[in-house]
Visitor: 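Input: one structure, supplied below.
Just so we're clear, the structure is a prediction, and the values are computed from it rather than from any experiment.
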Amino acid sequence: MDLVKFVQDEFVTKNELPQFTPGDTITVYYEIKEGNKTRTQFFKGVVIQKRGSGASETFTIRKMSGTVGVERIFPINLPTIQKIEVNKKGKVRRARIFYFRGLTGKKARIKERRD
């Protein structure tokens with residue numbers, strides 16, 4: 001295990017990203033390649049979970065698109081991620097807030113954490 005960790009630390013390039021936790025509302029800006037053109041697209045939503053560690057760490061974001069919930073999983077070290085903005089810090093008691101999927105309307109609000 002130490003050899004795997006050493007190789008990940010040495011050879012995998014890490015993005016400089018802000019600290020965020022589940023419950024936070026963030027905006028992820030990432031590049032989309034269409035043919036020979038690239039454009040920047042953003043995905044704004046609530047972080048449902050962070051899982052893994054090191055180079056294989058991922059986070060899941062959920063947003064509402066109309067009345068349909070959309071979730072997207074991003075690897076932390078994805079080279080197409082340009083930047084991440086933390087819009088709002090959320091106050092939640094769990095590390096994985098899957099119960100958030102079943103909430104609608106005013107129940108789906110997360111209190112803001114003031115630091």
Side-chain angles (χ1 to χ4, degrees):
M1 289 304 285
D2 293 332
L3 183 62
V4 173
K5 186 170 176 16
F6 173 74
V7 170
Q8 286 179 350
D9 290 342
E10 290 295 319
F11 297 110
V12 176
T13 58
K14 294 189 177 183
N15 294 340
E16 292 297 323
L17 302 175
Q19 292 285 65
F20 58 91
T21 58
D24 294 353
T25 303
I26 65 172
T27 306
V28 178
Y29 294 89
Y30 59 99
E31 287 182 354
I32 297 285
K33 214 172 176 188
E34 296 173 334
N36 56 1
K37 292 188 222 173
T38 60
R39 64 183 177 86
T40 302
Q41 186 170 328
F42 67 91
F43 195 90
K44 181 177 180 179
V46 177
V47 178
I48 288 186
Q49 73 169 342
K50 286 179 81 172
R51 77 183 309 170
S53 63
S56 63
E57 186 175 355
T58 62
F59 59 96
T60 305
I61 301 179
R62 179 179 176 84
K63 75 173 184 177
M64 292 301 292
S65 180
T67 58
V68 179
V70 179
E71 291 185 10
R72 177 120 192 216
I73 300 170
F74 289 99
I76 282 281
N77 291 323
L78 188 68
T80 58
I81 291 180
Q82 292 180 340
K83 68 176 179 174
I84 294 179
E85 290 179 353
V86 179
N87 303 104
K88 194 166 65 169
K89 294 278 191 184
K91 182 180 178 184
V92 292
R93 291 182 169 188
R94 295 184 178 201
R96 301 197 173 154
I97 52 174
F98 297 136
Y99 66 88
F100 193 65
R101 293 173 176 157
L103 302 180
T104 57
K106 287 187 175 181
K107 291 180 180 178
R109 289 187 292 192
I110 295 177
K111 286 189 177 180
E112 190 168 354
R113 185 177 70 223
R114 307 212 184 242
D115 291 332

Visitor: Say whether Met64 and Val70 are linked into one hydrophobic cluster, either directly or through other cluster members, by side-chain heavy-atom distances under 4.5 angstrom.
Guide: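 In one cluster: no.
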Visitor: Return yes when atom CZ of Arg93 has more than 12 non-hydrogen atoms of other residues, nucleotides or ligands closer than 6.0 Å, and no otherwise.
Guide: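 No, CZ of Arg93 has 12 or fewer neighbouring heavy atoms, counting only those of other groups under 6.0 Å.
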Visitor: Looking at Glu34, I want to see if its CD is surrounded by more than 12 non-hydrogen atoms of other residues, nucleotides or ligands under 6.0 Å.
Guide: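 More than 12 within 6.0 Å, yes.
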Visitor: Can you tell me how far CD of Glu71 sits from CD1 of Ile61, rounded to the nearest 0.5 angstrom?
Guide: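 Ile61 CD1 to Glu71 CD: 10.5 Å, rounded to 0.5 Å.
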Visitor: Rounded to the nearest 0.5 Å, how far does CG of Asp24 lie from CD1 of Ile48?
Guide: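 Reported value, rounded in 0.5 Å steps: 13.0 Å.
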Visitor: Please report the interatomic distance CZ(Arg62) to CD1(Ile97), rounded to the nearest 0.5 Å.
Guide: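 It comes to 10.0 Å.
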Visitor: Do the side chains of Tyr29 and Ile84 join up, straight or via other hydrophobic residues, at under 4.5 Å, putting them in one cluster?
Guide: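 No; tracing contacts between hydrophobic side chains, which count when under 4.5 Å, never links both residues.
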Visitor: Is the closest side-chain donor-acceptor distance between Thr27 and Glu85 under 3.5 Å?
Guide: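 Short answer, no.
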Visitor: Please give me the minimum heavy-atom distance between Val46 and Thr25, naming the atom from each residue.
Guide: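 Where Val46 meets Thr25 most closely, the heavy atoms are CG2-OG1, 3.9 Å.
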Visitor: Measure across Ala95 and Pro22 and return the closest heavy-atom pair with its distance rounded to 0.1 Å.
Guide: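 Ala95 and Pro22 have their closest heavy atoms at O-CG, 3.0 Å.
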Visitor: So Lys44 and Lys63, side chain to side chain contact (heavy atoms under 4.5 Å, CB included) or not? Walk me through it.
Guide: CA-CA 7 Å; Lys44 181 177 180 179; Lys63 75 173 184 177; 5.8 Å; no
Visitor: Are Phe43 and Val68 grouped together when hydrophobic residues (ILVMFWY) are joined by side-chain heavy atoms under 4.5 angstrom apart?
Guide: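 Hydrophobic grouping puts Phe43 apart from Val68.
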Visitor: On a heavy-atom basis, which atom in Val86 and which in Gln19 lie closest, and how many Å separate them?
Guide: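 The pair with the smallest heavy-atom distance is CG2-O, 3.9 Å.
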Visitor: Tell me the closest heavy-atom pair linking Val47 and Thr21, and the distance in Å.
Guide: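 Scanning both residues, the minimum pair turns out to be CB-O, 3.8 Å.
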Visitor: When you look at Tyr99 and Val92, which way does the side chain to side chain contact (heavy atoms under 4.5 Å, CB included) test go after all the steps?
Guide: CA-CA 11 Å; Tyr99 66 88; Val92 292; 4.2 Å; yes
Visitor: Got more than 12 heavy atoms from elsewhere within 6.0 Å of CZ, Arg96?
Guide: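 Correct, the count exceeds 12.
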Visitor: When you look at CZ of Arg94, are more than 12 heavy atoms from neighbouring residues, nucleotides or ligands closer to it than 6.0 Å?
Guide: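 Not buried by this count: 12 neighbours or fewer within 6.0 Å.
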Visitor: Drop me the distance from Phe100's CZ to Ile110's CD1, to the nearest 0.5 angstrom.
Guide: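 One gets 4.0 Å once the value is rounded to the nearest 0.5 Å.
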Visitor: Measure the acute angle between the ring planes of Phe20 and Phe59, then classify it against the limits of 30° and 60° as parallel, tilted or perpendicular.
Guide: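 Judged by the thresholds at 30° and 60°, the geometry between Phe20 and Phe59 is perpendicular.
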Visitor: Working to the nearest 0.5 Å, report the span between CD of Glu31 and CZ of Arg39.
Guide: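 Between Glu31 CD and Arg39 CZ, I get 11.5 Å after rounding to 0.5 Å.
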Visitor: Same cluster for Ile73 and Ile26 if Ile/Leu/Val/Met/Phe/Trp/Tyr side chains link at under 4.5 Å?
Guide: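 Hydrophobic grouping puts Ile73 apart from Ile26.
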Visitor: So which atom in Phe42 and which in Tyr30 form the shortest heavy-atom distance, rounded to 0.1 Å?
Guide: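 Scanning both residues, the minimum pair turns out to be C-CE2, 4.3 Å.
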Visitor: Indicate the atoms forming the closest heavy-atom contact of Pro75 with Thr58, along with that distance.
Guide: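 Smallest heavy-atom distance, with atoms named: CA-CG2, 3.9 Å.
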